[in-house]
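The structure appears right after this line, and notes come after that.
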Amino acid sequence: MNAADTAWIMTATALVLFMTLPGLALFYGGLVRSRNVLSVFMHTYGVACLMSVLWFFAGYSIAFGPDTSGLWGGLGKIGLSGVTADSLSGTLPEILFFAFQMTFAIITPALIVGAYVERIGFGFVMLFSGLWMLLCYAPVVHWIWGGGFLADGGIFGEVGVRDFAGGIVVHETAGLAALILAVFLGPRLNHNTPPHNPGFVMIGAAMLWVGWFGFNGGSQLAADGGAAMAITVTHISAATASLTWALWERIKFGKASLVGIVTGTIAGLASITPASGFVGPWAALLIGAVAGILCQEAVVLIRNKVKIDDTLDVFAVHGVGGIFGTIMIAALGAGTWTAQLGSLAIVGVYTTVVTVVLVLVCKAITPLRVSKEVEVNGLDLSVHGERAYDLSS
């Protein structure tokens, strides 16, 4: 065990959990109507709790278990079987590696929340998220990070796919699942209302930005120069994408918005994520500059041309950003085109099939969408019996 590595990954684990609670909750919560903000908080909080238990029970074993088939890790580590305080994973205590990866298993299905807020049943959210993490996310983790068939020595030869912190594992899978759920749900009854609290959005985005240092820097799994470089390029990409998003808004609409600039931040963070361990500052500047415009145009395409009501633009920002960053690894010579594009295709098809099947199964068990009356009145009071703002008290 290396004490410095251990101390850094403990810190990174806290930072990644901070991304979901409270960062993502505030970012998403500020974007919805005031009558639905508590339901967004409930979704992110409930998902975080459920994923923690399921990751302990079986998710970690599926992703990082001892099975050598290349397809999944098996159930050899179910319930942390054989993992003690003295067990090691590289230079880290294995229990810490488990906890760090658990925070990734928390935020990935939590990202999907943004696609279906304001119209989905809470029971469906919990059932779908739990099954999706175990059957979609955890196997993909094994394929890429757990020594599976897409990693080095797998189907692409000695040099497998390069995905440092989750362009494919996190952002492609969550983005595609979000898009599919939005299609199944259909549009909101009223999807022209502005964000009820842009201040929440900015604060949440700022928390995500800070937490992303643990997300990308922690993925080095060591306290060294590689972690420092990952943090630096993450920051540069986020800052650049924020500026290009705002500039592109200014050119097109005459005004640059607060919600726009912070959405650009998230686009830059998502895009640099897969490449953050393989590129330097100038490459990060390029990735961020393109991401701010590319993801903004993806939002326009999904909303206005394809007319899919992905409520908070999960696919356009996270999905497109993660895919773009994964492709840029090959474009910048840090990975092979065959492995990068091939893995995107394989994971994309797998995610699509599993997500569609799970939506069909889950909605046969519990309602997918709330009633029209509940949607009009808001999910906070109708589903959870609470109001975010009681101005009469």
Begin with the C-alpha distance, continue with both residues' side-chain angles, and end with the deciding distance and a verdict on side chain to side chain contact (heavy atoms under 4.5 Å, CB included) for Val201 and Leu258. CA-CA 9 Å; Val201 181; Leu258 174 65; over 6 Å; no
Thr265: side-chain hydrogen bond (donor to acceptor under 3.5 Å, both in side chains) partners, not counting sequence neighbours: Ser242
Donor-acceptor contacts, no H, no angles, side chain residues 18-26, under 3.5 Å, sequence neighbours left out:
none

Do Thr336 and Gln340 come within less than 4.5 Å of each other through their side chains, counting heavy atoms only? no
Does atom CE of Met202 have more than 12 heavy-atom neighbours from other groups under 6.0 Å away? no
Using a strict cut-off of less than 4.0 Å between a Lys/Arg side-chain nitrogen and an Asp/Glu carboxylate oxygen, indicate whether Asp309 and Arg188 qualify as a salt bridge. yes
Side chains of Ile346 and Phe149: closer than 4.5 Å at any heavy-atom pair? yes
Are Val47 and Val53 joined in one hydrophobic group, where the rule is that I, L, V, M, F, W and Y side chains link up if heavy atoms are under 4.5 Å apart? no
Under a single-linkage definition using a 4.5 Å side-chain heavy-atom cutoff for Ile, Leu, Val, Met, Phe, Trp and Tyr, are Ile266 and Ile261 assigned to the same hydrophobic cluster? yes
I'd like to check the side-chain hydrogen bond (donor to acceptor under 3.5 Å, both in side chains) partners of Thr338; sequence neighbours left out, ordered by chain and number. none
For Phe57, does the CZ atom sit with more than 12 other heavy atoms under 6.0 Å from it, leaving out its own atoms? no
Looking at CD1 of Ile236 and CG of Leu286, how far apart are the two atoms once the value is rounded to the nearest 0.5 Å? 12.5 Å
Those residues at least two apart in sequence (or on a different chain) that pass side-chain hydrogen bond (donor to acceptor under 3.5 Å, both in side chains) with Asn2 are none
Qualifying ring pair (Phe, Tyr, Trp, His ring centres under 6.0 Å) pairs with a residue from residues 237-285, counting only residues at least two apart or across chains: Phe164-Phe278
Report the distance from atom CD of Gln220 to atom OG of Ser276, rounding to the nearest 0.5 Å. 9.0 Å
Please report the interatomic distance CG(Leu150) to CH2(Trp145), rounded to the nearest 0.5 Å. 13.0 Å
If every non-hydrogen atom of Val32 is compared with every non-hydrogen atom of Val117, which pair is closest and at what distance? CG1-CG2, 3.7 Å
Provide the full list of ring pair (Phe, Tyr, Trp, His ring centres under 6.0 Å) pairs with a residue in residues 317-364, sequence neighbours left out, each pair given once. Trp143-Tyr350, His171-His318
Is any side-chain heavy atom of Ile168 less than 4.5 Å from a side-chain heavy atom of Ile323? no
Treat each ILVMFWY residue as a node, draw an edge where side-chain heavy atoms are under 4.5 Å apart, and state whether Trp72 and Val83 are in one component. yes
Please report the shortest heavy-atom distance between Gly214 and Val16, naming the atom on each side. C-CG2, 3.6 Å
Selection residues 269-298 - residue pairs positive for salt bridge (Lys or Arg N to Asp or Glu O under 4.0 Å), sequence neighbours left out: Lys252-Glu297
Ionic contact status for Arg303 with Asp313, cut-off 4.0 Å: yes
side-chain hydrogen bond (donor to acceptor under 3.5 Å, both in side chains) partners for Thr68, two or more places apart: none
Using ring centroids (six-membered ring only for Trp), state whether Tyr116 and Phe124 fall under 6.0 Å. no
Heavy-atom side-chain contact between Leu368 and Phe184 under 4.5 Å: yes
Rounded to the nearest 0.5 Å, how far does OG of Ser87 lie from CG of Leu92? 12.5 Å
Chi angles and distances behind the side chain to side chain contact (heavy atoms under 4.5 Å, CB included) call for Val370, Ile120: CA-CA 6 Å; Val370 298; Ile120 200 167; over 6 Å; no
Regarding Tyr137 and His142, do their side chains bring together a donor and an acceptor under 3.5 Å, going by distance alone? no
Can you tell if the side chain of Thr234 reaches within under 4.5 Å of the side chain of Trp209, non-hydrogen atoms only? no
Could you tell me if the side chain of Val314 sits less than 4.5 Å from the side chain of Ile112, heavy atoms only? no
Do Leu243 and Leu247 share a hydrophobic cluster (ILVMFWY, side-chain heavy atoms under 4.5 Å, transitive)? no
Minimum heavy-atom distance Thr244-Gly292, with the two atoms named: OG1-CA, 3.3 Å
Test side chain to side chain contact (heavy atoms under 4.5 Å, CB included) on Leu358 and Leu127 and set out the steps. CA-CA 9 Å; Leu358 287 180; Leu127 179 61; over 6 Å; no
What distance separates Leu379 CG from Leu38 CG, expressed to the nearest 0.5 Å? 10.5 Å
Would you tell me whether Glu172 and Thr326 have side-chain atoms, one donor and one acceptor, within less than 3.5 Å of each other? no
What side-chain hydrogen bond (donor to acceptor under 3.5 Å, both in side chains) pairs are there with at least one residue in residues 53-63, not counting sequence neighbours? Tyr60-Glu94
Quiz question: by atom type and distance under 3.5 Å, do the side chains of Asp67 and Ser69 form a donor-acceptor pair? yes
Any side-chain donor near an acceptor of the partner, Thr311 and Arg119, under 3.5 Å: yes
For the aromatic rings, using the six-membered ring if either is Trp, is the centroid distance between Trp212 and His235 under 6.0 Å? no
Aromatic contact, His43 with Tyr28 (centres under 6.0 Å): no
Distance col, row Ile272:CD1 vs Thr232:OG1, nearest 0.5 angstrom, shows 11.0 Å
Assess whether side chain to side chain contact (heavy atoms under 4.5 Å, CB included) is satisfied between Leu269 and Ser237, documenting all intermediate values. CA-CA 6 Å; Leu269 291 166; Ser237 178; over 6 Å; no
Under 3.5 Å donor-acceptor, Asn197 side chain and Phe200 backbone: yes
Verify the neighbour count for atom CZ of Arg369: are there more than 12 heavy atoms of other residues, nucleotides or ligands below 6.0 Å? yes
Which one of Phe104, Phe98, Phe97 satisfies the ring pair (Phe, Tyr, Trp, His ring centres under 6.0 Å) criterion with Phe64? Phe97
Which pairs pass salt bridge (Lys or Arg N to Asp or Glu O under 4.0 Å) with one or both residues in residues 157-167, sequence neighbours excluded? Asp152-Arg162
With a 4.5 Å limit on heavy-atom distance, are the side chains of Val170 and Phe215 in contact? yes
Any side-chain heavy-atom pair of Phe41 and Glu386 under 4.5 Å: no
Ion pair Glu118/Arg33, N-O distance below 4.0 Å: yes
Name all residues meeting the salt bridge (Lys or Arg N to Asp or Glu O under 4.0 Å) criterion together with Asp5; count only those two or more places apart in sequence or in a different chain, and write none if there are none. none
Please name all residues satisfying side-chain contact (heavy atoms from CB on, under 4.5 Å) with Thr13, sequence neighbours left out, ordered by chain then number. Ile9, Leu96, Ala99, Phe100, Thr103
What about Leu341 and Met328, same hydrophobic cluster or not, with Ile/Leu/Val/Met/Phe/Trp/Tyr joined at side-chain heavy-atom distances under 4.5 Å? no
